[in-house]
Amino acid sequence: MAAPLVAFVTSPDARAAIVPADGAAVRPPAGPGGSVDAGVHPAVDAAVVLPLGEAVRRVAELVEAGAARFTWWAAGIDAAPLVAARVPVARCWDVAEAHRLLLGGWDASPQVAWAAAHGLDRGGLPPASRGDLFDFHATDDDPVDVVVRPDGYLVPDAGSPQWRPTDEALVAWGRAALDCATAQAAALDRLGPRSVAAAHSESAAAYLCVELTRDGLPIDREVARELIEASAGARPTDEADARRIRAGRDAAVLAHTPGRESTDLRNPVQVRELLASVGVVVPNTRKWVLEPFRETHSVVGALLEWRKAERIATTYGHTWLDTHVGPDDRLRGGWTACDGAAGRMTAQNGLHNLPAALRPAVAAHPGHVFVRADLGQIEPRVLAVVAGDASFAAATRADDLYAPVAATLGVDRPVAKIAVLAAMYGQRSGAAGEALKGLERAYPVAMGYLDGAYAAGVRREPLRTYGGRLIRLDQVLSDVPVEGAAAHDAARGRFARNAVIQGSAAELFKAWAATVRATTRDLGAQIVLCLHDELLVHVPEQHAEEARARVVAALDDSARRWTGSTQVRFVADASVIRRWSEAKE
DNA sequence: TTACCAACGTA
DNA sequence: CGTACGTTGGTAAC
């Protein structure tokens, strides 16, 4: 039974509107005697505008009663006060995320989402005001009381930080969000029930992202400091000291090339000249290009070591620690539920690209442990789902999918693995040719799906992921710097083939994450990191084993719901650890 | 000031 | 074995 939609929207001056959908009075479940305990869970059967604190309390009551699916323009805006108050919203509809699913890309302001949901031409969107001193029709003495213009578009400034709506306008703003959500749900339902489910889990992921931004990743500050010192040196006392440490690092490299001490190691052109002067002639100075020249001249090795230390010193150094790790020893950065291409989550401030060398510094706080879990071989398993290949699905029933594939092809496991990866990602070098032919014979449906995606990319035809996210090819890659149309086409083909797999995998991952969040909350567990196919959950140590079991169970659950069957098996490796570095691999 | 590139970290 | 992202410090264009 679908929960009724209730809009929760906020204005910048700390008011909020709670707006139930028409005819959908939200009543709490009846108590034992059939009576409704209105004192505990008051019904919401008419729109209200309340001061923010009061509105948050009201929502918390309705969340506890499980009485509604909350709708907002975007979790990061409207739901931020709920996250701040730690309201455990489980079911929501995020208009921005639903819009991104339906239309692809990243731009999903209320104005854009509204126009799309109502079939209005995007080109006719009224320009937003600049919000600066040159806006004479400014705000304070002229409260806005409508949100929909006579021409059908939303008022450009509605929802912006300088917006000052009347109560009536704020209610209308909530109704507009409900209108969008209803139209989006209908459009997604036409794509298939999977896409409505995807909107639900994408919305939950967006709420989770606000929580991740709030909570951060537990860090052992002392260990982090030691690791940084080991490669970047001690914390500089002042600017001069910082320059001295930097110059010392540089000198260790430049000592290998007397007479060229003035080379700027941070300037690739100068580095290339320096290398040429010792007989190392290269098109660029990337690591994998220089690696073979380690024996040619000692400066090559020194330079590569310098790069590693320089990376830690600049990107993950003392400044990074001071800036992004809070007094509560949590590393914080902004999270988004989907990128603009295939729909993976993104995170800032190093949360998604922390060097492995720093992982010992990611440590559970006292009284806690991590449950770390990652999805095994997720992309080939996702391929079996999206392509609907029964033979390939049979292979996913093994813990190690490559074993049955190797047996079928009559090749060794490493060959089978390379062939599958080559098929999915597009081989250009290497020698998996024979095994690739075997794959095409054994799994024609899966291979045909990949070929179809590639061809659509070449033709610039949009695609959809399994959950219905639009992969646009008209604008993406329009500026790829490759010479010749053929290379251009091939790049688009590879992008398309990758996006339908990577994007679909991201949808399953988010469904899993949302389920883990909901089913481990009562243990005091908290998701603290999402890394494409890996979850890190911070858990009170007495609940470690129970949480681990629930994380595994959550995958069975979300995979069954996501695929609508049990034909394709997904596997998770889940363990209880204290430091991220204890993870195997 | 803004835009882009090279380089490299993660999946 | 391809794709995606974020961050840094550099140059060049505005």
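All chains are named by letter (A, B, ...) in the order of the sequence lines, taking the proteins before the strands, and each is independently numbered beginning at 1.
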Legend entry - Residues, nucleotides or ligands: over 12 heavy atoms within 6.0 Å of Glu295(A) CD: no
Legend entry - Minimum-distance nucleotide to Leu531(A) side chain [options: dG9(C), dA6(B), dA11(B)]: dA11(B)
Legend entry - Check: dA11(B) base within 3.5 Å donor-acceptor of Arg344(A) side chain: yes
Inset, instruction - Measure from the side-chain N and O atoms of Ser231(A) to the backbone N and O of Ala309(A), and report whether any donor-acceptor pair falls under 3.5 Å. - result: no
Legend entry - Asp389(A) (side chain) donor-acceptor with Ala446(A) (main chain) under 3.5 angstrom: yes
Inset, instruction - For Gln348(A), answer base if it contacts any base atom (sugar-phosphate contacts may also be present), sugar-phosphate if it contacts only those atoms, and nothing otherwise; contact means non-hydrogen atoms under 4.0 Å. - result: sugar-phosphate
Inset, instruction - Check every atom of dT7(C), dA4(C), dG10(C) against the side chain of Arg246(A) and return the nucleotide holding the closest atom. - result: dG10(C)
Inset, instruction - To the nearest Å, give me how far apart CZ (Arg286(A)) and C1' (dC5(B)) are. - result: 9 Å
Inset, instruction - Could you tell me the separation between the CD1 atom of Ile378(A) and the P atom of dA4(C), rounded to a whole number of Å? - result: 18 Å
Inset, instruction - Could you work out which one of dT10(B), dA7(B), dA4(C) sits closest to the side chain of Arg359(A)? - result: dT10(B)
Legend entry - Among dT10(B), dT8(C), dC1(C), the one nearest Asn353(A) by side-chain distance: dT10(B)
Inset, instruction - Inspect the surroundings of CG in Leu531(A) and state if more than 12 heavy atoms from other residues, nucleotides or ligands are less than 6.0 Å away. - result: yes
Legend entry - Nearest to side-chain heavy atoms of Glu379(A), which nucleotide of dG2(C), dA4(C), dG9(B): dG2(C)
Inset, instruction - Report yes or no: is the cationic atom of Arg578(A) (NZ for Lys, CZ for Arg) under 6.0 Å from the centre of the six-membered ring of Phe370(A), at an angle within 45° of the ring normal? - result: no
Inset, instruction - Using atom CG of Leu450(A) as one end and atom C1' of dG2(C) as the other, report the distance to the nearest whole Å. - result: 12 Å
Inset, instruction - Would you mind classifying the nucleic acid contact of Leu351(A) as base, sugar-phosphate or nothing, using non-hydrogen atoms under 4.0 angstrom? - result: nothing
Inset, instruction - Name the closest nucleotide to the Asn498(A) side chain, picking from dC5(C), dC8(B), dT3(C). - result: dT3(C)
Legend entry - Nucleotide dC5(C), atom C1' - distance to CG of Asp339(A) in whole Å: 7 Å
Legend entry - Close approaches to DNA chain C from residues 265-277 of chain A, in residue order (heavy atom, under 4.0 Å): Arg266(A), Asn267(A)
Inset, instruction - Report the distance from atom CG of Leu383(A) to atom C1' of dG2(C), rounded to the nearest whole Å. - result: 14 Å
Inset, instruction - State whether Arg494(A) places a side-chain N or O below 4.0 Å from either non-bridging phosphate oxygen (OP1 or OP2) of dG2(C). - result: no
Legend entry - For Trp335(A) against Thr213(A), the heavy-atom pair lying closest together: N-OG1, 3.3 Å
Legend entry - Nucleotide dC1(C), atom P - distance to CD1 of Ile501(A) in whole Å: 17 Å
Inset, instruction - Please determine if a side-chain N or O atom of Lys287(A) lies less than 4.0 Å away from the OP1 or OP2 oxygen of dA6(B). - result: no
Legend entry - Pair Tyr466(A) and Trp562(A), ring centroids less than 6.0 Å apart: yes
Legend entry - Value in whole Å for how far the C1' atom of dA11(B) lies from NE2 of His352(A): 8 Å
Inset, instruction - Round to the nearest Å and state the distance from Lys308(A) atom NZ to dG9(B) atom P. - result: 8 Å
Inset, instruction - For Thr515(A) and Arg561(A), test the side chains for any donor-to-acceptor distance below 3.5 angstrom and give the result as yes or no. - result: yes
Inset, instruction - Measure from the side-chain heavy atoms of Thr314(A) and tell me the nearest of dG9(C), dA7(B), dT7(C). - result: dG9(C)
Inset, instruction - Tell me whether the OP1 or OP2 atom of dA7(B) has a side-chain N or O from Thr285(A) closer than 4.0 Å. - result: yes
Legend entry - Candidate nucleotides dG9(B), dT3(C), dA11(B), ranked by approach to the side chain of Gln502(A) - the nearest: dT3(C)
Inset, instruction - Looking at every strand, decide which applies to Ala499(A) at a 4.0 Å heavy-atom threshold: base, sugar-phosphate, or nothing. - result: nothing
Inset, instruction - Determine the minimum heavy-atom distance between Glu97(A) and Glu202(A), stating which atoms define it. - result: CG-O, 4.0 Å
Inset, instruction - Tell me which residues in residues 210-245 of chain A put a heavy atom below 4.0 Å from DNA chain C, sorted by number, or none. - result: none
Inset, instruction - When you get a sec, tell me which of dC1(C), dT10(B), dA7(B) is the closest nucleotide to the side chain of Leu421(A)? - result: dC1(C)
Inset, instruction - Answer yes or no: does atom CZ of Arg460(A) have more than 12 heavy-atom neighbours from other residues, nucleotides or ligands under 6.0 Å? - result: no
Legend entry - Closest to side chain of Asp264(A), choosing from dG10(C), dT10(B), dT3(C): dG10(C)
Legend entry - Distance-only donor-acceptor check, side chains Ser575(A) and Arg548(A), under 3.5 Å: no
